[in-house]
S.K.: 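I am attaching a structure below and will ask some questions about it afterwards.
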Amino acid sequence: MDSITLTRSDGTPVGPLLGPETVDFTKLSDLSELWGSATIPIGTYTSASIVLDYTSVAEGGSSVIAVMVNGLPQKATVVDSAGKAVKVANGNVLQTVNVILDPAGQLIVPATYATTSAQRLAIDFNLAASTASVNMTTNPATVTVKPYLTVGVAASDQKLIRVRGPLINSSVSLGTYTVYTRPFLDEADNFGLLSLFVDANTIYTTNGVVTTGTPGITQLSQSSAGTTMTAAYTTFEPTVTPNATAGKFHAKYVIAGSTLEDPYTSGLEGDVVSRTGNSLKVRGSTLQLYTGGTTGTSIYNTADATVTLGPATKPVTADDTTLTNLDYNSVAVGQHIVVRGIYTAPSTGVVDIDATNSKYANTGSLRLISTHLWGSLLSSSAGGLSMNLQTINNWPVSAFTFAGNGTSAATDPVATAFTVNSGALAVPVTTVGDPLWIDGRVAPFGSAPPDFGATAISSEASVPASLQIHWTTGTKTAFPVLGPTNLSINLTNTSTAVIRIGPESIALASLPASPAFTVVPQAGIASAVPGVFLFTPRFSYGDPTAVVAAGCVTACAGIHVFSVFGTFATDLTTALATTGALQLEARGTYNRATNTFSASSVDVVL
């Protein structure tokens with residue numbers, strides 16, 4: 001993310017982003033990242049321009065877009081709608097997106113420096129709406145991009161917010177700690193300070209020790225200020241005072257110290273697809289290097305990485321106080337991990353991380369991260385179920401070699417009869433063949449069955465879904481019905497018309513009829529549909545590549561955002577009279593039984 005510029009109602013531009021930030025947009029589907037600025041002059045701001053840098057590694061940059069080809073990640077060639085490099089400026093491949101803020105929800109910075117008047121501004125990068133097309137016939141695959149962003153004055157209050165930064169101080173008695181806000185991979189900048197609130201249920205993983213409540217904040221209070229890096233995953237509680245917009249950030253869990261990052265080791269996050277002895281093969285991994293510069297380096301690896309463990313790999317942790325006695329054999333095939341160790345620059349193109357602690361003391365540690373399964377129910381009973389497993393963390397199950405996960409070769413997991421310990425969790429479906437989404441952790445290496453321990457089980461109707469339509473040409477009649485509460489979709493001349501739920505893809509042509517499309521009513525700050533994240537604005541349309549006329553303040557080209565569906569529908573109807581729709585991406589939930597898509601947000605690309 002190269003720059004952000006806000007434009008005031010009098011035409012004055014303000015740049016709150018002090019420098020470029022490396023952002024992994026794929027991680028922002030499940031959480032938000034807090035970034036702050038104290039440099040915004042008073043006034044009313046009507047638009048925002050965001051510049052993204054698509055310069056690839058081969059061109060001297062660090063940007064990567066990867067697609068899955070036959071179950072393997074492949075670095076794609078990135079082009080614009082004309083099939084050319086997105087845009088070249090000063091040797092970099094840049095794309096500027098202009099967003100016109102909701103007329104009923106513009107950013108107003110009042111004439112005060114009081115923290116109770118802090119304003120929140122949400123920038124939402126819609127990955128699905130940003131991909132105009134993917135050409136799989138080329139080698140490598142070619143991705144056509146039109147980066148689509150929306151900007152609004154309030155973010156979702158259901159989505160966890162990651163607050164990263166070095167520790168300043170803490171108070172055990174007050175149940176708070178304070179950090180300099182340092183988002184993403186930034187290694188040097190401080191974007192103001194923030195106090196976070198903790199409680200008896202907050203889970204801490206600090207320097208490899210997992211604690212809860214008072215012992216956790218006590219350990220954190222004994223950590224070195226200024227050098228201890230922390231990352232809290234928080235909720236946000238707005239103030240009840242009508243004329244103030246501040247609130248409390250409540251930490252659900254906190255990662256701190258060497259468990260999070262340190263200057264002596266490198267981090268690698270990905271999915272274990274096989275294990276031979278103490279050697280792990282990790283797919284779809286991201287390597288994080290401490291560079292000592294302003295911004296840390298994040299490298300996505302299309303080749304499988306190698307991680308070496310050993311009995312001295314310590315600590316092994318999980319952000320879950322119910323899991324104890326974890327060690328290097330707690331890691332099995334299928335598990336999502338974050339490992340820290342000694343990185344060796346690859347001579348063969350294979351990233352290698354030594355987490356054995358054998359080269360240097362305290363240079364190997366590992367965290368078990370929640371893993372997501374998708375498949376269909378085979379059978380269930382008290383405390384357990386069997387499923388036909390299709391994907392693990394969106395990778396096809398064929399990518400995984402489960403040898404060694406079982407107590408013997410005869411008990412190694414089998415994808416077509418994958419066993420899950422559901423404990424006291426209710427299984428939401430009972431019909432054989434019904435889809436299931438399960439979160440949890442793979443059973444320790446050499447211990448299956450059961451093959452997996454569930455922490456959450458969801459049915460299709462309760463999992464966030466995405467309705468995606470691509471028209472082959474701009475279509476002015478894309479929505480035969482476009483009213484104050486709903487719309488209908490014209491599927492003529494579509495190249496893509498699917499509902500995606502995690503890795504599941506439901507072609508609209510396969511359904512008995514087009515789904516009924518309804519808009520979830522806005523109910524304060526909460527969603528009426530569990531598990532669906534609401535943003536303000538929730539609706540938008542526009543051309544993300546439109547060039548804004550110099551000096552434009554009102555009626556500018558770009559993406560127009562709205563918090564009220566009726567206003568959005570009226571303005572979109574006017575726009576479609578002259579410009580056709582190319583793409584629709586709506587987020588919500590899909591109920592197969594009623595064939596209804598309940599949308600919490602709608603984005604239309606022109």
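Not measured: the values here are computed from a predicted model. Below, each value reflects all heavy atoms present in this structure, side chains not excepted, and no hydrogens, waters or symmetry copies. Position 1 is the first residue of the sequence; numbering continues from there.
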S.K.: With no hydrogens and no angle check, do the side chains of S133 and T144 hold a donor and an acceptor under 3.5 Å apart?
M.R.: yes
S.K.: Passes salt bridge (Lys or Arg N to Asp or Glu O under 4.0 Å), D124 versus R587? Steps please.
M.R.: CA-CA 13 Å; D124 181 33; R587 283 172 275 188; 2.8 Å; yes
S.K.: Report the residue from H336, R441, Q335 that forms a side chain to side chain donor-acceptor pair (under 3.5 Å) with T371.
M.R.: Q335
S.K.: Please lay out, stage by stage, how V153 and R120 fare under the test side chain to side chain contact (heavy atoms under 4.5 Å, CB included).
M.R.: CA-CA 6 Å; V153 294; R120 289 191 300 155; over 6 Å; no
S.K.: Specify the closest pair of heavy atoms between V547 and A557, including all atoms of both residues, with the distance to one decimal.
M.R.: O-CB, 3.9 Å
S.K.: Contact between S49 and I4 at the side-chain level, heavy atoms closer than 4.5 Å - yes or no?
M.R.: no
S.K.: Just checking, is any N or O donor in the side chain of S601 or R538 under 3.5 Å from an acceptor N or O on the other one?
M.R.: no
S.K.: Determine the minimum heavy-atom distance between G284 and W395, stating which atoms define it.
M.R.: CA-CZ2, 3.6 Å
S.K.: In Å, rounded to the nearest 0.5 Å, how long is the span from CG of L511 to CG of N595?
M.R.: 5.0 Å
S.K.: Where the side chain of T494 meets the backbone of T496, is there a donor-acceptor pair that is under 3.5 Å apart?
M.R.: no
S.K.: Answer yes when E237 and K248 have at least one side-chain N-carboxylate O distance shorter than 4.0 Å, and no when they do not.
M.R.: no
S.K.: Under the 3.5 angstrom rule, does the side chain of W471 hit a backbone N or O of N490 as a donor-acceptor pair?
M.R.: yes
S.K.: Locate the shortest heavy-atom distance separating Q95 from P544; write the atom from each residue and the value.
M.R.: NE2-O, 4.4 Å
S.K.: Hey, which of R164, R162, K27 is the one that makes salt bridge (Lys or Arg N to Asp or Glu O under 4.0 Å) with E33?
M.R.: R162
S.K.: Just by distance, with hydrogens left out, do E269 and S285 show a side-chain donor and acceptor under 3.5 Å apart?
M.R.: no
S.K.: Taking atom CD of Q74 and atom CG of N139, what is their separation to the nearest 0.5 Å?
M.R.: 5.5 Å
S.K.: I'd like to know whether V143 forms a side chain to side chain contact (heavy atoms under 4.5 Å, CB included) with V79, so could you lay out the CA-CA distance, the side-chain angles of the two residues, the decisive distance to 0.1 Å, and finally the verdict.
M.R.: CA-CA 6 Å; V143 174; V79 298; over 6 Å; no
S.K.: Would a 4.5 Å heavy-atom cut-off, applied to side chains only, mark K146 and D543 as touching?
M.R.: yes
S.K.: Any donor-acceptor pair under 3.5 Å linking the side-chain atoms of N591 with those of T596?
M.R.: no
S.K.: Test side chain to side chain contact (heavy atoms under 4.5 Å, CB included) on L373 and L389 and set out the steps.
M.R.: CA-CA 7 Å; L373 309 180; L389 183 63; 3.8 Å; yes
S.K.: If I take atom CD1 from residue I489 and atom OG from residue S514, how far apart are they, to the nearest 0.5 angstrom?
M.R.: 7.5 Å
S.K.: Can you find a heavy atom in the side chain of T570 that is under 4.5 Å from one in the side chain of F562?
M.R.: no
S.K.: Taking it one step at a time, do T44 and I108 satisfy side chain to side chain contact (heavy atoms under 4.5 Å, CB included)?
M.R.: CA-CA 4 Å; T44 299; I108 301 175; 3.8 Å; yes
S.K.: Return yes if some donor-acceptor pair links the side-chain N/O of T419 with the main-chain N/O of D451 below 3.5 Å, else return no.
M.R.: yes
S.K.: Start with the C-alpha gap between Y590 and F597, add the side-chain angles, then the distance that decides, and say whether ring pair (Phe, Tyr, Trp, His ring centres under 6.0 Å) holds.
M.R.: CA-CA 5 Å; Y590 174 65; F597 189 91; 7.1 Å; no
S.K.: Any ion pair linking R283 and D304 (charged N to carboxylate O, less than 4.0 Å)?
M.R.: yes
S.K.: Hey, is the main chain of I161 close enough, under 3.5 Å, to the side chain of T234 for a donor-acceptor pair?
M.R.: yes
S.K.: Kindly indicate whether the side chain of L482, heavy atoms from C-beta on, has any atom under 4.5 Å from the side chain of L572.
M.R.: yes
S.K.: Output yes when a side-chain donor or acceptor of S130 lies under 3.5 Å from a complementary backbone atom of Y148, and no otherwise.
M.R.: yes
S.K.: How long is the gap from OG on S422 to CE on M387, to the nearest 0.5 Å?
M.R.: 11.5 Å
S.K.: Parallel, tilted or perpendicular for F418 and F402, by the 30°/60° rule?
M.R.: tilted
S.K.: Judged by atom type as modelled, is there a donor-acceptor pair below 3.5 Å linking the side chain of S488 to the main-chain atoms of F479?
M.R.: no
S.K.: Going by heavy atoms in the side chains, are P147 and N126 under 4.5 Å from each other?
M.R.: no
S.K.: Quick one about D439 and T455 (side-chain donor to acceptor, distance below 3.5 Å, no hydrogens or angles considered), yes or no?
M.R.: no
S.K.: How would you list, by chain and number, every residue that makes a ring-ring contact (aromatic ring centres under 6.0 Å, His included) with F568, sequence neighbours excluded?
M.R.: F539, F565
S.K.: Taking all heavy atoms of V99 and all of V151, pick out the closest pair and write down the distance.
M.R.: CG1-N, 3.8 Å
S.K.: For H470 and T131, indicate whether the former's side chain and the latter's backbone hold a donor-acceptor pair under 3.5 Å.
M.R.: yes
S.K.: Stepwise, does the side-chain hydrogen bond (donor to acceptor under 3.5 Å, both in side chains) test hold for E585 with S466?
M.R.: CA-CA 7 Å; E585 200 276 335; S466 170; 2.5 Å; yes
S.K.: With a 4.5 Å cut-off on side-chain heavy atoms, are P73 and Y300 touching?
M.R.: yes
S.K.: Heavy atoms, side chains only, cut-off 4.5 Å: are T472 and L582 in contact?
M.R.: no
S.K.: Quick one: CG on L160 to OG1 on T235, what's the gap to the nearest 0.5 Å?
M.R.: 7.5 Å
S.K.: Where is the tightest heavy-atom contact between C556 and I100, given as atom of each residue plus distance?
M.R.: O-CD1, 3.5 Å
S.K.: CD1/I559 to OG/S47 distance, rounded to the nearest 0.5 angstrom?
M.R.: 12.0 Å
S.K.: Short question: side chain of N301, backbone of A303 - any donor-acceptor pair under 3.5 Å?
M.R.: no
S.K.: Please examine the side chains of L107 and L6, heavy atoms only from C-beta on, and report whether any two atoms are closer than 4.5 Å.
M.R.: yes
S.K.: Over all heavy atoms of both residues, which pair between A581 and L606 is shortest? Give the atoms and the distance, please.
M.R.: CA-CD2, 3.9 Å
S.K.: May I ask you to check whether N388 and T416 show a side-chain donor-acceptor distance below 3.5 Å?
M.R.: no
S.K.: Are the side chain of N421 and the backbone N or O of A454 linked by a donor-acceptor pair below 3.5 Å?
M.R.: no
S.K.: Judged by atom type as modelled, is there a donor-acceptor pair below 3.5 Å linking the side chain of D271 to the main-chain atoms of G334?
M.R.: no
S.K.: With the threshold set at 4.0 Å, does a side-chain nitrogen-carboxylate oxygen contact exist between R500 and E460?
M.R.: no
